[in-house]
Amino acid sequence: MITDARVFQDEFVPSDVVHRDAEINYLSSTLRPITDGDPIEPVCLFGPSGTGKTCLARYTVEQLREEVIDLNTQYVNCWEDHSRFKTLYRILDGIGKTLNIHRQSTPTDVLLDRLRDYEGAPYVVILDEVDQLEDKDLLYDLRRIRNLNLLLIANDETELFAHLDERVASRLQPCTRISFDTYGDDELASILQDRVRWGLRPDVITDAQLRDIADAAAGDARIAIGVLRVAARTASRNDANAIHEEHIEAAVAEAKAEIKRKTEEKLTHHQQVLYDIITERGEVAPGTLYEAYAERVDDPKTKRTMRNYLQKMEHYNLITAVGNDGGREYHLRG
DNA sequence: TCTCCACCGGAATGCTTGGATG
DNA sequence: CATCCAAGCATTCCGGTGGAGA
């Protein structure tokens with residue numbers, strides 16, 4: 001049933017990106033000066049998850065590579081490499097300058113100096129999930145490095161800028177912005193059709209079924225493709241010769257559970273307890289939350305630490321805090 | 001309107017950790 | 001092996017803020 005499993009992976013970048021012509025054209029024309037060796041202002045891609053930001057960025061940069069003989073590129077996911085050190089290390093890695101750098105013996109500023117000394121070919125760095133970067137000042141420093149061209153990806157423009165201090169924000173003001181809207185069901189269904197064409201035997205799934213998947217994914221391409229992957233996998237494990245409704249239903253449930261599990265994996269036990277309490281109650285005031293938490297764990301952390309946890313979970317989009325001081329309540333998200 | 005209270009979140013401080021180094 | 005050191009984590013302290021009630 002599955003002829004090419006790669007096309008269902010999260011990292012897969014298709015050779016042809018559909019439904020984003022305007023964005024691609026705009027992005028490649030913005031990157032155009034690089035082909036002449038000229039630097040560009042940073043480019044910011046904004047939009048909800050699963051709208052093709054990462055995919056399109058990698059695709060366009062890859063296209064650029066085909067045109068420019070001397071070009072270095074690097075993709076950095078700031079969720080995974082969220083500290084200043086790790087991000088810088090990744091960036092240096094892209095130009096092979098990481099020799100003799102160790103966590104202890106090398107202060108982070110040495111990494112920055114080394115990057116400043118870079119004299120080689122134009123360098124394009126994609127910083128994905130840049131809002132997860134802990135030290136936002138790094139953006140300011142990177143911005144000043146010659147030959148370094150930044151492509152920043154984040155969910156929400158206002159939220160990103162709210163977390164930047166004045167100095168960094170004003171440095172990023174002139175950046176080119178490209179916004180991504182959620183996919184419609186039609187677009188999503190046709191994206192799925194392509195994946196089916198590339199990765200599955202013909203006639204194992206109907207267009208109507210693809211629309212069902214698209215509908216369940218609510219505009220998020222990553223979820224849609226994940227559901228398709230799981231449905232195809234279960235169908236082939238059950239030796240079915242086509243994907244049936246029950247495969248899709250199960251896959252939708254599993255995909256949702258998987259997302260929840262993946263985010264929860266990132267939490268410590270204490271954070272999970274807090275998350276559970278909020279899940280159970282739907283919404284809860286700070287005082288009540290702490291009492292419930294302190295009752296459930298053996299050695300509760302302090303209130304201040306709980307606030308740090310909650311802040312982190314809010315940043316991960318697991319919960320939302322409604323209201324500032326006074327009548328604040330924590331809600332579940334998603 | 002003033003005061004008290006709960007809570008937020010920044011900063012400083014101390015403890016732990018894990019890899020480098022001699 | 002013991003030692004060293006920066007990063008990460010939790011805690012303490014504290015100024016600031018909004019809401020409830022005198």
Side-chain angles (χ1 to χ4, degrees), chain A residues 76-93 96-116 127 129-142 154 156 158-170 263-333:
Chain A
V76 184
N77 187 321
C78 296
W79 185 311
E80 281 152 26
D81 299 312
H82 49 89
S83 71
R84 184 187 174 91
F85 184 91
K86 280 186 182 169
T87 306
L88 270 170
Y89 190 90
R90 260 303 141 93
I91 295 173
L92 282 168
D93 199 32
K97 287 207 161 202
T98 53
L99 293 174
N100 294 323
I101 290 179
H102 306 292
R103 194 165 65 86
Q104 278 71 26
S105 47
T106 321
T108 50
D109 284 353
V110 173
L111 280 95
L112 194 60
D113 287 342
R114 198 176 278 215
L115 200 55
R116 285 205 185 95
L127 291 182
E129 306 197 54
V130 68
D131 45 340
Q132 298 294 330
L133 195 61
E134 273 155 27
D135 180 13
K136 302 285 198 301
D137 286 355
L138 181 59
L139 295 177
Y140 179 82
D141 295 326
L142 291 176
D156 190 74
T158 41
E159 201 194 310
L160 176 65
F161 277 86
H163 285 98
L164 301 177
D165 71 60
E166 203 54 42
R167 201 172 49 106
V168 186
S170 67
T263 29
E264 279 197 59
E265 257 173 23
K266 295 184 166 114
L267 302 177
T268 66
H269 173 62
H270 288 263
Q271 292 165 344
Q272 279 179 30
V273 170
L274 286 168
Y275 185 64
D276 286 346
I277 295 168
I278 297 171
T279 309
E280 285 160 24
R281 308 205 178 192
E283 58 185 57
V284 58
T288 335
L289 177 58
Y290 186 77
E291 278 174 36
Y293 157 75
E295 201 155 299
R296 246 181 245 195
V297 294
D298 290 338
D299 48 345
K301 312 282 185 190
T302 59
K303 287 188 179 180
R304 181 69 187 87
T305 303
M306 177 186 82
R307 287 204 290 274
N308 282 340
Y309 287 164
L310 292 166
Q311 218 167 33
K312 189 173 176 180
M313 286 156 66
E314 195 187 357
H315 207 59
Y316 285 176
N317 283 334
L318 288 173
I319 60 168
T320 46
V322 181
N324 273 338
D325 291 329
R328 173 179 274 226
E329 274 186 339
Y330 294 101
H331 290 242
L332 193 64
R333 178 130 90 190

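Here the structure is a predicted model, which is why all the values come from computation and not from measurement. Chain A is the first sequence line, chain B the second, and so forth, proteins listed ahead of strands; every chain is numbered from 1.
Here C:dC13 presents its C1' atom at 14 Å from CG of A:N308, a figure rounded to the nearest Å. In this structure, the CE atom of A:M313 is 17 Å from the C1' atom of B:dC8, given to the nearest Å. The separation between A:M306 atom CE and C:dC9 atom P is 18 Å, rounded to whole Å. Between the P atom of B:dA6 and the CD atom of A:E329 lies a distance of 17 Å, rounded to the nearest Å. The CZ atom of A:R84 sits 17 Å away from the C1' atom of C:dG8 (whole-angstrom rounding). Between A:L310 atom CG and B:dG9 atom P the separation is 10 Å, expressed in whole Å. For A:I319 and B:dC8, the CD1 to C1' distance is 14 Å, given to the nearest whole Å. The separation between A:H315 atom NE2 and B:dG9 atom P is 13 Å, rounded to whole Å.
Under the 4.0 Å criterion applied to side-chain N and carboxylate O atoms, A:K303 and A:E291 are not assigned as salt-bridge partners. Taking 4.0 Å as the cut-off between side-chain N and carboxylate O, A:R84 and A:D141 count as a salt-bridged pair.
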Item to check | Trace of the side chain to side chain contact (heavy atoms under 4.5 Å, CB included) decision for A:L127 with A:N77 | outcome: CA-CA 6 Å; A:L127 291 182; A:N77 187 321; over 6 Å; no

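Distance from the side chain of A:K303 is smallest to B:dC7 among C:dT11, B:dG10, B:dC7. When distances are taken from the side chain of A:P286 to each of B:dC7, C:dT12, C:dA10, the shortest belongs to B:dC7.
Nearest heavy-atom pair across A:R328 and A:P286 is O-CD, 3.0 Å.
Note: A:K301 NZ to A:L274 CG = 11.5 Å, rounded to the nearest 0.5 Å.
The phosphate of B:dG9 (OP1 or OP2) has no side-chain N or O of A:R307 nearer than 4.0 angstrom. Using a 4.0 Å cut-off, some side-chain N or O of A:T305 falls inside it from OP1 or OP2 of C:dT11. Residue A:R304 places none of its side-chain N or O atoms closer than 4.0 Å to OP1 or OP2 of B:dA12. Contact annotation: A:Q311 does not reach the phosphate of B:dC8 (side-chain N/O to OP1 or OP2, under 4.0 Å).
Residue A:Y309 is in sugar-phosphate contact alone, with no base atom involved, counting any heavy-atom pair closer than 4.0 Å across all strands shown.
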